[in-house]
Undergrad: 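I'd like to ask you about the structure that follows.
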2 protein chains.
Amino acid sequence: MRQKRITLKDIARETGVHVSTVSRALDPVERKSITEEVASRIQAAADALGYRPNRIAAGLRTNRTMTVGVMIPDITNVIFPPILRGIESVLEPLGYASIIVNTDSERDRESRLVDVLRDRGVDGIIHAAVLRSDPSIARAAAEGLPVVTLNRMVENSQIPYIINDEDAGICEMLRHLRDLGHRDIAHLAGPQDLSTGQLRLAAFRNAAATLSLEFRPDLVATARRFDEQEGARGIRDLLASGRTFTAVLCANDRLALGAIDELREHGIDCPREVSVTGFNDMPFLDLIRPRLTTVRILQHSAGQTAATVLLQLMNGDKAEDIPMETILPVEIVVRESTAPAGSLVRS
Amino acid sequence: MRQKRITLKDIARETGVHVSTVSRALDPVERKSITEEVASRIQAAADALGYRPNRIAAGLRTNRTMTVGVMIPDITNVIFPPILRGIESVLEPLGYASIIVNTDSERDRESRLVDVLRDRGVDGIIHAAVLRSDPSIARAAAEGLPVVTLNRMVENSQIPYIINDEDAGICEMLRHLRDLGHRDIAHLAGPQDLSTGQLRLAAFRNAAATLSLEFRPDLVATARRFDEQEGARGIRDLLASGRTFTAVLCANDRLALGAIDELREHGIDCPREVSVTGFNDMPFLDLIRPRLTTVRILQHSAGQTAATVLLQLMNGDKAEDIPMETILPVEIVVRESTAPAGSLVRS
DNA sequence: GTGAAAGCGCTAACAC
DNA sequence: GTGTTAGCGCTTTCAC
């Protein structure tokens, strides 16, 4: 019952011309090389028969599938869907579809998935993973496959990357806390095998120097995952250490949320006693009390930008026209989880 | 610089056999028809050269692309990512990749996207949209393309569908409210052009009958979108009508969240004065106070089930082996937003 | 058990 | 301006 598709051959038979003529008539650029009358007759027949081009066949011939691969750690992480919509918003109108794969931040899975995408002949890959280094994607790029990375860069490679200005985000946030009078500021760092975790810790250290604040390694707790449980654990560790602090700058929102919860468990009020800040500005944040002060990143734009650069690569634009580095601005969003420094936690 | 791929021909040249022999040696089922020695020599050469099959070419020949299409309304809606992971969890190990498209619940976009998927030769489509009817997907199915729908059924079609037992969810929730002593129970209904909105309203009406509660049309407010703003507006309308109620059963979590917020604006405490319930049990719900009592649906399982049924269809299983209807169980999750009925709101 | 040959649907040289 | 031809990389029928 699987109905057979209408092919160029069917239209050729119907209109009495050769397949190649049909092919040309239906190709917007080649169409001008065909008598208008014939072209429109062909077009009419195609419409009447309900012709749909077989992109598989075209792809085999042209080596362009009009498909791109998008690699992300995990689609259930709320920061990625907006990025995907951003990518789609530029690629889809141009006729591209995307194959999205989840790496779960596992190295071997990641390189397997690169192969999966290449086997399917994707015209390019947008790689929004968070692993710090990744040979397979670099190899693909070196072999000539258009690749751009999002959120991180691959060292020693010619792969264009789009990142958020995390340094600025962390620095502005630290400045915000300093301006509120905080001096003993803890940092709840993310996993150090993820680029975001590592970058933000480095940014925190640099920002402290910039702002003439003392960097206190003993006030840094490192999470093993970017989730609420680890945020809570970080606070517990900090509290258990007996150190004193009036603010906690967290490497992402979920750590911050866990931190606030754990502080509450210990009878410590945020923001009255301890200020807490996040990073990412994930959805639904304004429904959670206290509303979190955080760093907003431009997820949708990041996706759009990545797609735009990938297009340039796929179009074979001149190397000098392709931006190797794009740093997107971030902004801090001050809500309710930060307040002027009050009495120190514990004595 | 785009490196040329290794093809069967290269391996054939390398090993001194014919391409068709190489093809057979590399095909797990055909391999047995080849002398083991030759087969392993070919395998070795393939590995050495780093051969990767070109699925585009194979697809053109076999009419199977090992790619499925997945249509959802909007990936940024948190209920969909888990469904996608569920789908992926069964399809990916079998070598399938998926092309995900967002319909934005627009009819014309939806039918265009069906074509986009078919042009790419997907082997099947999982359609998790929420529009009530949709001719294009029905047509595709009628023409023999394997299709299954998630969350809704297409009337008068032979398309297998997977739905959640929403009737039971609404009924259990209403029972929960009744058991807490509530009698004047409002319903914040979802958009009536979406199947979930319509189904849940019908379920509410039926459940009222089942539980011997009066169904009060004047206590039903209908949202235009499934979001917090509309939840708030629904409550405003209900309050403005001067009607009295002690509980609000909402058609989804976001409406419920907006409702609770708006009640608070009016100085009405949830759950002390009015109980509010949601539907979906979306992520992060346990971070929002009061923690919402809601209906949990099995998103991951729904995806897995849809993928499994699609596989049966794609494998050409006998019709009687393919479940036309799968109703997944739901469970109510009682948290903090419901409490015994107290004094009525307003007098 | 292996080779030869055809062909999936399309595009792109080249011919006329 | 249109037809002819070849071929993308693979699978599969048919020989031997």
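The chains referred to below are lettered A, B, ... by the order of the sequence lines, with proteins before strands, and numbering in each begins at 1. Every value quoted in this text rests on a predicted model; they were computed, and no experiment measured them.
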Undergrad: Closest heavy-atom contact between A:P28 and A:L26?
TA: CD-O, 3.3 Å
Undergrad: Between the side chains of B:E88 and B:R85, is the shortest nitrogen-to-carboxylate-oxygen separation below 4.0 Å, so that they form an ion pair?
TA: yes
Undergrad: Going 5' to 3' along DNA chain C, between which two nucleotides do contacts with chain A fall, using a heavy-atom cut-off of 4.0 Å?
TA: C:dG9 to C:dA13
Undergrad: Could you tell me which non-hydrogen atom of B:L298 sits nearest to which non-hydrogen atom of B:N164, and how far apart they are?
TA: N-OD1, 4.0 Å
Undergrad: With the sugar-phosphate defined as primed atoms, P, OP1 and OP2, and the base as all remaining atoms, what B/S/- string results for nucleotides 8-15 of chain D, 5' to 3', for protein heavy atoms under 4.0 Å?
TA: BBBBBB--
Undergrad: In terms of side-chain geometry, is the basic nitrogen of B:E37 or B:R41 positioned less than 4.0 Å from the acidic oxygen of its partner?
TA: yes
Undergrad: Would you mind reading off the bend of the helix from C:dG1-D:dC16 to C:dC16-D:dG1 from its two end axes, five pairs each, to 10 degrees?
TA: 40°
Undergrad: Below 4.0 angstrom, which residues in residues 34-48 of chain A have at least one non-hydrogen atom near DNA chain D?
TA: A:I34, A:T35, A:V38
Undergrad: Ignoring hydrogens, what is the shortest heavy-atom contact between A:R107 and A:P135? Give both atom names and the distance.
TA: CD-CD, 4.2 Å
Undergrad: Run the side-chain contact (heavy atoms from CB on, under 4.5 Å) test against B:Q158 and tell me which residues pass, sequence neighbours left out.
TA: B:M324
Undergrad: Looking at A:A307 and A:L91, what are the two nearest heavy atoms and their distance?
TA: CB-CD1, 3.9 Å
Undergrad: Work out which heavy atom in B:I6 is nearest to a heavy atom in B:Y51; give both atom names and the distance.
TA: O-CD1, 3.4 Å
Undergrad: State which residues pass side-chain contact (heavy atoms from CB on, under 4.5 Å) with B:T308; sequence neighbours excluded, sorted by chain then number.
TA: B:V90
Undergrad: Can we say A:D321 and A:K318 salt-bridge, meaning some charged N sits less than 4.0 Å from an Asp/Glu carboxylate O?
TA: yes
Undergrad: Answer yes or no: is there an ion pair linking B:R24 with B:D27, defined by an N-O contact shorter than 4.0 Å?
TA: no
Undergrad: Please determine whether a side-chain nitrogen of the Lys or Arg among A:E14 and A:K9 lies less than 4.0 Å from a carboxylate oxygen of the Asp or Glu.
TA: no
